[in-house]
Amino acid sequence: MAIRYWEFEDAALREKLKSPNVKEIAKIYFDNETKAYRFSKALTEVKKRGELRLKDCPEDLPVATWKRYLDFGVTVGILKHEGNAYSFTDRYTKSLKNIATYIKSWAEMQGIDDLALLFAAAHIEKQTKRGGRKVSVGHLSEAPAIPEPEA
């Protein structure tokens, strides 16, 4: 995800809201122009029809590609998939506000979290031969926040 927070500050957002377009939405999730286009195409089809079934998707893209990008829309909370049809949901906006509230609450909380305790599996320390000091080796894995659909 490439959320550039400064592009959604109050003044910038007011300007963007004068003429919203699907490209701005796709740019948040994809840097790759082709993936952004396909995601935009999926969102536009849902917008045109209100509900979109896979069997009703245009034939200019394979059904598997339609499914991949529609499912990605469900994963990030823009779409919902009920009764074999995809449609828009308002879950995304509420969730984003809740995340912002949670982050603000954490930032204002007294005390500092013990990261070695919270991420015990990711934090490895090893003894060195010289002086017996503990040296941080690194992380076992790093997972992406939201999986992108493959091309």
Side-chain angles (χ1 to χ4, degrees), residues 1-109 112-126 136-151:
M1 274 185 25
I3 295 178
R4 295 171 189 90
Y5 69 90
W6 59 88
E7 292 182 2
F8 291 92
E9 289 287 333
D10 291 341
L13 181 62
R14 277 194 296 272
E15 277 301 309
K16 285 181 181 236
L17 288 175
K18 291 179 181 176
S19 60
N21 65 54
V22 72
K23 184 176 183 179
E24 291 293 327
I25 297 169
K27 275 178 35 181
I28 292 171
Y29 297 104
F30 301 101
D31 289 331
N32 181 305
E33 194 75 17
T34 303
K35 290 179 180 181
Y37 168 76
R38 290 175 180 167
F39 186 58
S40 298
K41 193 160 183 60
L43 292 178
T44 302
E45 283 298 318
V46 172
K47 182 178 179 179
K48 272 196 262 184
R49 299 171 189 241
E51 277 191 349
L52 181 64
R53 297 178 188 282
L54 286 176
K55 66 180 182 178
D56 298 332
C57 291
E59 294 180 7
D60 55 343
L61 291 175
V63 175
T65 301
W66 283 107
K67 180 165 179 38
R68 189 177 318 121
Y69 286 94
L70 290 168
D71 285 344
F72 180 76
V74 171
T75 302
V76 297
I78 296 174
L79 301 174
K80 61 183 173 183
H81 186 213
E82 295 174 348
N84 294 327
Y86 294 89
S87 60
F88 284 104
T89 182
D90 62 354
R91 185 182 66 156
Y92 181 75
T93 54
K94 183 68 173 168
S95 297
L96 199 55
K97 287 178 186 176
N98 289 346
I99 290 170
T101 302
Y102 185 82
I103 292 170
K104 185 177 179 184
S105 172
W106 173 80
E108 293 172 351
M109 178 187 75
I112 302 297
D113 297 327
D114 183 3
L115 298 181
L117 181 63
L118 293 175
F119 298 97
H123 187 74
I124 302 171
E125 292 185 341
K126 117 181 186 185
S136 179
V137 175
H139 300 285
L140 292 176
S141 67
E142 292 185 22
I146 296 178
E148 288 188 11
E150 297 174 8

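Bear in mind that the values here come from a model prediction, so they are computed numbers and not experimental data.
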Check: Does D114 have any side-chain hydrogen bond (donor to acceptor under 3.5 Å, both in side chains) partners at least two apart in sequence or in another chain, and if so, which?
Finding: none
Suppose we screen for side chain to side chain contact (heavy atoms under 4.5 Å, CB included). Which residues come up paired with [X], at least two apart in sequence or across chains?
| X | value |
| --- | --- |
| K23 | N21, K27, E33 |
| V74 | L79, H81, Y86 |
| T34 | N32, R38 |
| P62 | T65 |

So how far is it from [X] [atom1] to [Y] [atom2], rounded to the nearest 0.5 Å?
| X | Y | atom1 | atom2 | value |
| --- | --- | --- | --- | --- |
| N84 | E51 | CG | CD | 10.5 Å |
| Y29 | I78 | OH | CD1 | 4.0 Å |
| C57 | L52 | SG | CG | 4.0 Å |

Using salt bridge (Lys or Arg N to Asp or Glu O under 4.0 Å) as the criterion, list what pairs up with [X], not counting sequence neighbours.
| X | result |
| --- | --- |
| K55 | none |
| D60 | K41 |
| K67 | D71 |
| R53 | none |

Item checked: Over 12 non-hydrogen atoms of neighbours within 6.0 angstrom of OH in Y37 -> no
Next item on the list: Quick one: sort the F39 and Y69 rings into parallel, tilted or perpendicular, breaks at 30° and 60°.
Entry: tilted
Item checked: Non-hydrogen atoms of G50 and S87 that approach each other most closely -> O-CB, 3.5 Å
